[in-house]
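These notes are about the structure you will find just below.
Small disclaimer: the values here were computed from a predicted structure and weren't measured. Index from 1, following the sequence.
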Amino acid sequence: MAQALVLLASLLIFSNVAHCDFSPKVIVDMAKILMDNYCSPEKLAGMEEAIDAGSSNTEILNISDPATLASVLTDGVKKTIFDSRVKVTYEPGFVPAAPPAMPDIPPEQLAEMIKGTVKVEVLDGNIGYLKIQHIIGEEMAQKVGPILLECIWDKVLPTSGMILDFRSAVSGELSGIPYIVSYYTDSEPPIHIDSVYDRTSDVTIELWSMPTLLGKRYGTSKPLIILTSKNTLGIAEDVVYCLKNLKRATIVGENTAGGSININKIKVGDTDFYVTVPVAKSINPITGKSWEINGVAPNVEVAAEDALDAAIAIIKLRSEIPGLVQAAATLVADNYAFPSIGDDVAEKLGAVVASGEYNLISTKEELEAKLSADLLKLSGDKCLKATSNIPARPPMNLTPEMFIELVKVSFHTDVFENNIGYLRFDMFGDFEHVAKIIAEHVWNKVVDTDMLIIDLRNNVGGSTSSIAGFCSYFFDSDKQIVLDHVYNRPSNTTSDLLALTQLTGRRYGSKKSVIILTSGATAGAAEEFVFIIKSLGRAMIIGETTRGGCHPPETLRVGESDIFLSIPISHSDTAQGPSWEGAGIAPHIPVPADAALDTAKAILYKHFSGQN
């Protein structure tokens, strides 16, 4: 009731006690037209009571120009019910167009007329192209269907993919919607395509896919792209919305016009005012919403004039996807660090493609994202993914002084109370060529401490080339130690990672206490170091479980494409059970990362106090 009163008030707001030009009855009649015909009557609740209240108003309208009045009333209605399709116009002499009757001419001539609104072509790459400006209804289809099949449909039916160009489609018949949609779906099971509510009859009509058609269906396996523009209107929008939400078509172009399934222009009494009002509305059974007013948003938004080229590129990409995914599966099977998992992932990846999950991919970026998501889901390994092929940076031409400054900013050292050393660095690298600089400017500051805290909470990994050397500083040189057994999938070999007998600088040795701090960000090479030290019982780990990354992965090209996979090809020793890859390394003492340093200090202080 309140909303209806606002609507009527917006129509009557310009009433005033001035010269008598238009009776308030005109406004009341307009409101009645909306109440009896508007497709969403729930927006007009209480209108009847509001009309009764308004009809007793004997004031008269002050706006003398009827066209201005019509414009003002239109603005008031739009702001009240938020529907841009409703309009009030003043049109003396307007003669409503009668609905066109089926021309009484031979089917052959009808077919020629229809072909004038359709352009058919087979593009390079065996891509069918249909440009449609008007969607014919059931009656016309029955009459000229066989001729259109022969002249149009049969030309594009054998193609590998199809483009429907609706950029200029501005008219059509409601009964034509199931025809078009059904040619791109299967005969069984029946699909509820749309529901159309007609306000004047208060009846909802359900549109369903058709079990039998003239000619053969295009089916559901081949790519279908629909081109749209801001001018795509009405029935064509319904077809676009249905096929989009059935996930049968990819929409490329611009947001459509946001028209109406059925709109009427109704005369106001015996005046020259008319109210244009949508008398029916579409309710999609999948979304529960409609394309009307807001239009249909494209899956791939491009300017209308660029839509055809974009569609051709999408179909070309989709034709390559099965081969690309198979090539990716082969790379995983041949190179992934854990062979049984790699074989399983490869097999299941092929099944995912066969299921059609890749059918609506439109860009290389979407393909990479889908590949990464599937590889993670199937393997559980976040390191196995699509990636960019970023060229390695050329070696930096640094002077000795520059190397020294780089080392100083990359490592942080301190000596706490009770001669407790602290060493932090956030990335492993190829330290061998700067070992002397590190020894002099970093290691020598902590090597003589009685206890050492190594802070890897922010260490994200890097190269594993220096792992053996770094580990060796925490063991004595009097015996050979096997730090890890590393399996390499491409060569199918396992090699021993051994402690080094010769080091730059002095060792910390195996007797002094060492604590390593970790967090959920500790990854890759840092995890390998923690894994070795923990496995050999050389240090206490305090903090959070590490990320569960991997040995540095290889970047491998998928076929001849510009898509690349990041594949871990090596893993640590699993003889005693799963290593750190994937699961991470649990600390001896779990605490939040930001509390780890204080916890370590407290333990070492207590240890020092116990010795004195």
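- Contact detail for Val120 and Cys151: the closest heavy-atom pair is CG1-O, 4.3 Å.
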*Derivation of the side-chain hydrogen bond (donor to acceptor under 3.5 Å, both in side chains) call for Thr256 and Glu237*: CA-CA 7 Å; Thr256 62; Glu237 292 182 275; 2.7 Å; yes
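- In this structure, Glu347 places its CD atom where only 12 or fewer heavy-atom neighbours from other residues, nucleotides or ligands lie under 6.0 Å away.
- Other residues, nucleotides and ligands contribute at most 12 non-hydrogen atoms within 6.0 Å of the CD atom of Glu301.
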*Verify side-chain hydrogen bond (donor to acceptor under 3.5 Å, both in side chains) between Asn284 and Tyr241, making sure each step is shown before the conclusion.*
CA-CA 8 Å; Asn284 186 274; Tyr241 195 67; 5.5 Å; no
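- Side-chain contact between Arg217 and Thr185 is present, with heavy atoms from C-beta onward closer than 4.5 Å.
- Seen from the ring of Tyr38, Lys43 does not count as a face-on cation partner, given the 6.0 Å and 45° thresholds.
- For the pair Ser195 and Thr204, the tightest heavy-atom approach, listed with the atom from each and the gap, is CB-CG2, 4.0 Å.
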_Val296 vs Thr228, side-chain contact (heavy atoms from CB on, under 4.5 Å): CA-CA, chis, key distance, verdict_ = CA-CA 9 Å; Val296 185; Thr228 59; over 6 Å; no
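- Here Glu292 does not pair with Lys281 in a salt bridge; the nearest charged N to carboxylate O distance is not below 4.0 Å.
- Under 4.0 Å is where a charged nitrogen must lie from a carboxylate oxygen, and between Lys155 and Glu150 no such pair does.
- Contact of the Asp343 side chain with the Ile341 side chain is not registered, since no non-hydrogen atoms from C-beta on lie closer than 4.5 Å.
- Pro278 is listed as a side-chain neighbour of Val86, based on a closest heavy-atom distance under 4.5 Å.
- Side-chain contact check for Lys289 versus Ser282: every heavy-atom pair is 4.5 Å or farther apart.
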*Evaluate the criterion side-chain contact (heavy atoms from CB on, under 4.5 Å) for residue pair Asn37 and Asn264; output intermediate values, then yes/no.*
CA-CA 9 Å; Asn37 295 275; Asn264 287 348; 5.8 Å; no
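- The shortest distance between side-chain heavy atoms of Met140 and Glu173 does not fall below 4.5 Å.
- Annotation: cation-pi pair Lys267/Phe273 absent, no NZ/CZ under 6.0 Å from the ring centroid and within 45° of its normal.
- When every heavy atom of Leu130 is checked against every heavy atom of Tyr184, the shortest pair comes out as CD1-OH, 4.5 Å.
- Cation-pi geometry between Lys222 and Tyr218 is met: the NZ or CZ atom falls under 6.0 Å from the ring centre, inside 45° of the normal.
- Among Lys370, Lys377, Lys247, the one residue that satisfies the salt bridge (Lys or Arg N to Asp or Glu O under 4.0 Å) test with Glu357 is Lys370.
- Taking 4.0 Å as the cut-off between side-chain N and carboxylate O, Lys348 and Asp344 count as a salt-bridged pair.
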*Should Asp374 and Tyr358 be marked as a side-chain contact (heavy atoms from CB on, under 4.5 Å) after you check the CA-CA gap, both sets of side-chain angles, and the distance that decides it?*
CA-CA 11 Å; Asp374 284 341; Tyr358 282 74; 2.7 Å; yes
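- Scored by the ring-ring contact (aromatic ring centres under 6.0 Å, His included) test, Tyr183 finds Trp153 as partners (sequence neighbours excluded).
- Under the 4.5 Å side-chain criterion, counting only non-hydrogen atoms from C-beta, Lys119 is in contact with Glu121.
- Between Leu164 and Ile132 the shortest heavy-atom distance is CD2-CD1, 4.3 Å.
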*Determine, stepwise, if the pair Val268 / Tyr274 fulfils side-chain contact (heavy atoms from CB on, under 4.5 Å).*
CA-CA 5 Å; Val268 180; Tyr274 291 84; 5.7 Å; no
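- Here the side chains of Ile315 and Ile163 are in contact, with some heavy-atom distance below 4.5 Å.
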*asked:* Show, in sequence, the C-alpha distance, side-chain angles and deciding distance for Ser40 and Arg199, and conclude whether the side-chain hydrogen bond (donor to acceptor under 3.5 Å, both in side chains) test is met.
replied: CA-CA 8 Å; Ser40 297; Arg199 176 70 182 89; over 6 Å; no
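- When side chains are defined from C-beta on, Thr159 does not count as touching Ile127, because their heavy atoms never get closer than 4.5 Å.
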*Stepwise side-chain hydrogen bond (donor to acceptor under 3.5 Å, both in side chains) check, Thr250 with Arg318*: CA-CA 12 Å; Thr250 298; Arg318 290 182 183 173; 2.5 Å; yes
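- Here the options are Val279, Leu174, Thr200, the test is side-chain contact (heavy atoms from CB on, under 4.5 Å), and the partner is Asn262; only Val279 passes.
- Shown here for Ala327 and Gly559, the closest heavy-atom pair between the two residues is CB-N, 4.2 Å.
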